[in-house]
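Here the structure comes first, spelled out in structure tokens, and everything after it is commentary.
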Amino acid sequence: RETFVGHQVLEIIPRNEEQIQNLEQLEAQDHLEIDFWRSPTVPEQTVHVRIPFSSLQDVKIFLESQGIAYSVMIKDLQVLLDEENEEMLMNQRQER
Amino acid sequence: SSGFNFGAYHSLDEIFQEMDQLAAAYPTLVSKLQIGSSFENRPMNVLKFSTGGNKPAIWLDAGIHSREWVTQATALWTANKIASDYGKDPSITSLLDTMDIFLLPVTNPDGYVFSQTKNRMWRKTRSKIPGSLCFGVDPNRNWDAGFGGPGASNNPCSDSYHGPSANSEVEVQSIVEFIKSHGNIKAFITLHSYSQLLMYPYGYKCTKLDDFDELNILANSAAQALTSLYGTNYKVGPICSIIYQASGGSIDWSYDYGIKYSFAFELRDTGLHGFLLPANQIIPTAEETWLGLKTIMEHVRDHPY
């Protein structure tokens with residue numbers, strides 16, 4: 001099963017159209033393998049993006065260089081996935 | 001009576017077993033139909049709620065994007081709600097005395113299994129793309145509505161790949177064929193997550209539709225009903241203006257096909273969990289969504305066309 005160890009989900013709030021375009025440029029860079037959970041649409045609307053550990057530094061540098069503010073929404077995705085999996089297994093045991 | 005926990009996430013097999021259980025528990029109201037098979041040959045199982053006769057119908061589907069697990073879970077809770085409320089809740093009783101409901105709880109069964117066993121973030125189908133190393137098509141970019149236009153990717157490796165042609169995905173084609181062969185579907189409602197949105201056409205173009213005023217008022221009433229339970233904040237509007245232009249979407253196809261009451265819900269996440277909505281939020285999500293769905297279904301019942 002594919003793991004998501006070290007993947008982070010960032011919350012970004014683009015301030016203007018230019019920052020939205022910057023985020024669209026980021027989205028187009030296939031090699032970063034980033035996954036927009038909520039895509040950039042209009043200024044001031046929240047964007048959520050999952051970033052693999054290997055691309056984190058590049059993406060954060062890009063955002064900072066463009067003056068785009070962000071915060072970490074999920075620090076390590078795998079931790080949440082492990083919790084989810086454990087809960088599913090527990091529920092299955094209880095139902096049986 | 002089956003001991004099924006509606007407040008937990010389940011495997012595809014468990015969901016199918018519970019669908020059988022519902023059909024067995026309410027034999028005069030609920031039946032299971034297979035409307036096709038997925039690319040990997042899993043059944044496309046639909047629950048039909050009918051009190052008999054040839055009635056106009058409402059179509060509901062969930063989980064076209066496989067990783068949005070709260071939608072499949074919400075659909076199953078909804079199925080149980082419809083079945084158990086018939087004969088008790090006057091609104092549901094009157095609805096089912098006037099119309100049938102078809103509910104497809106797992107629209108993308110291959111993707112759902114893949115998201116549970118291989119890649120939790122999978123959202124596409126699992127079809128093989130000739131000439132590409134990548135798998136799968138975004139089934140909500142594959143409908144024959146502005147196919148291949150803005151807001152869909154022609155890169156098979158993209159999460160929003162539209163596919164080689166409209167209806168290339170057997171999961172989409174199966175629904176299209178079913179809707180066409182039924183011939184009397186009056187509402188088409190699809191459940192997605194997350195972002196808390198209630199949308200109506202169009203997504204492939206940004207023009208105002210002929211029924212804008214009616215659909216906008218209805219969607220706002222539905223969102224208000226939904227919000228009344230737990231205060232979950234919804235935005236309402238056409239896909240193009242409240243998310244972005246996106247072509248090949250299901251409700252654009254259904255509206256253009258003549259199904260006036262075409263809506264897409266984006267259910268919770270209100271708490272920064274994204275697609276990983278904790279299981280303890282399934283039932284609250286389903287409960288509030290039900291109020292929105294009911295508002296739309298009552299309007300459809302009361303406004304025949």
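Just so we're clear, the structure is a prediction, and the values are computed from it rather than from any experiment.
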Stepwise side-chain contact (heavy atoms from CB on, under 4.5 Å) test for Glu84(A) and Trp69(B): CA-CA 11 Å; Glu84(A) 183 182 72; Trp69(B) 287 4; 3.3 Å; yes
Nearest heavy atoms of Trp37(A) and His273(B), plus distance in Å: CZ3-O, 3.8 Å
Segment of Glu83(A) engaging chain B (4.5 angstrom heavy-atom cut-off): neither
Nearest heavy atoms of Arg38(A) and Ser195(B), plus distance in Å: NE-OG, 3.5 Å
Note, Leu272(B) side chain near Ile74(A) side chain (heavy atom, < 4.5 Å): no
Steps toward side-chain contact (heavy atoms from CB on, under 4.5 Å) verdict (Phe275(B), His48(A)): CA-CA 11 Å; Phe275(B) 300 112; His48(A) 293 162; over 6 Å; no
Asp30(A) portion near chain B, given a 4.5 angstrom heavy-atom threshold: side chain
Check: Asn119(B) and Phe4(A) side chains under 4.5 Å, non-hydrogen atoms: yes
Proximity breakdown for Arg67(B) and chain A, heavy-atom pairs closer than 4.5 Å: side chain
Asn5(B) portion near chain A, given a 4.5 angstrom heavy-atom threshold: both
Contacting region of Ser115(B) [heavy-atom separation from chain A under 4.5 Å]: backbone
Side chain / backbone / both / neither for Glu14(B) at chain A, heavy atoms under 4.5 Å: side chain
Under 4.5 Å from any heavy atom of chain B - which part of Phe36(A): backbone
Residues Arg120(B), Glu2(A): salt bridge by 4.0 Å N-O rule: no
